[in-house]
Amino acid sequence: MEKHFAVIGNPIKHSLSPAMHNAGYEILGINAEYQRFRVEEGCLEEAVKGLRALGFAGWNVTLPHKEAIISFMDTLTPEAEKAGAVNTVKNQDGRLIGHNTDGNGFVRSVENDLRGLKGKKAVLLGAGGAGKGIAMALAQQGMNLHILNRNPVKAKNLVQIIQSVGGTATFGEFEPGDWLENLDLLVQTTSVGLNKEPFPFSIEGINKEALVVDIIFNPLETSFLREAKKLGCRTQNGLEMLLYQGALAWEFWLGEQPPLDAMRQALKNQLFQGMFYKE
């Protein structure tokens, strides 16, 4: 019997997940199909009910639903509970299990470049669904976190959650500061840049030894990353995080290792062959 998977969000035309997963199914001869569906914010409950009723085996969740979808889950994995966000859902005999692969996917994407995370300092810009997952995973790796968000209450709440599980974290204003001079990793987790708009502040004065990551993968180089590169920093877009969080979702759904090389190549093909659309 064919298995059905999907990704839901709004906007969703930018998603590369179908190309990545469908390539993996083809390589391994798995009878499955992965689709994408645009779901407006007011229609999330109906969408979840529909996917369950249609027998979808699982689906990914992207902006703006990662936090709101928790209300419609039957249970959460420890990763989702800690992050306070869900990016992966498994339909197990009609019971919906909410999981979060963002954080561990991100860790996999940067750990080789940073050559160890414990004791190093990371600054996160944003405290939304993706930011929460990444923050919790980095804290578990022993990094010292500093979190900046336009709404400081959300940053403070995330810091308190991290501290409650033994992590080290502080929060501050969403603006330049002394934090630029003393960090090993800077992560841009907001949606700013998806429409090629400039980031609201400059990171001039940043430690040039820092790795700077923007989890956006289209455009491949945001204005945020262009500035970081001009300032002498190593940079990384969100493509590797997308690959690894997708691989972890695959393992959660199917209980086996995905073909990473084939999935990575499918992502690159989708980007560079002009088959990439935005709303």
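For clarity, every value in this text was computed on a predicted model and none was experimentally measured.
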Centroid-centroid distance, W250 to Y244, less than 6.0 Å: no
Which residues share a salt bridge (Lys or Arg N to Asp or Glu O under 4.0 Å) with E221, sequence neighbours left out: K229
Any pair counted as salt bridge (Lys or Arg N to Asp or Glu O under 4.0 Å), so long as it reaches residues 40-61, sequence neighbours left out: R38-E40, E45-K49, R52-D74
Connected-component partners of L231 among ILVMFWY, side-chain separation under 4.5 Å: V123, L125, L148, F174, W179, L180, L183, L186, V192, F199, F201, I203, I206, V212, F224, L225
All pairs passing salt bridge (Lys or Arg N to Asp or Glu O under 4.0 Å) where residues 129-149 contributes a residue, at least two apart: E67-K132
Side chain proximity check, Q188 to T190, heavy atoms < 4.5 angstrom: yes
Residue list, salt bridge (Lys or Arg N to Asp or Glu O under 4.0 Å) with R226, at least two apart or on another chain: none
Cationic tip of K90 above F252 ring, under 6.0 Å, 45° of axis: yes
side-chain contact (heavy atoms from CB on, under 4.5 Å) between D102 and K66, worked out: CA-CA 11 Å; D102 277 335; K66 292 185 180 186; 2.7 Å; yes
Ring center gap for F5 and W253 short of 6.0 angstrom: yes
Contacts of E204 that satisfy side-chain hydrogen bond (donor to acceptor under 3.5 Å, both in side chains) - sequence neighbours left out: none
Trace of the salt bridge (Lys or Arg N to Asp or Glu O under 4.0 Å) decision for E209 with R234: CA-CA 7 Å; E209 299 300 315; R234 293 165 292 148; 5.8 Å; no
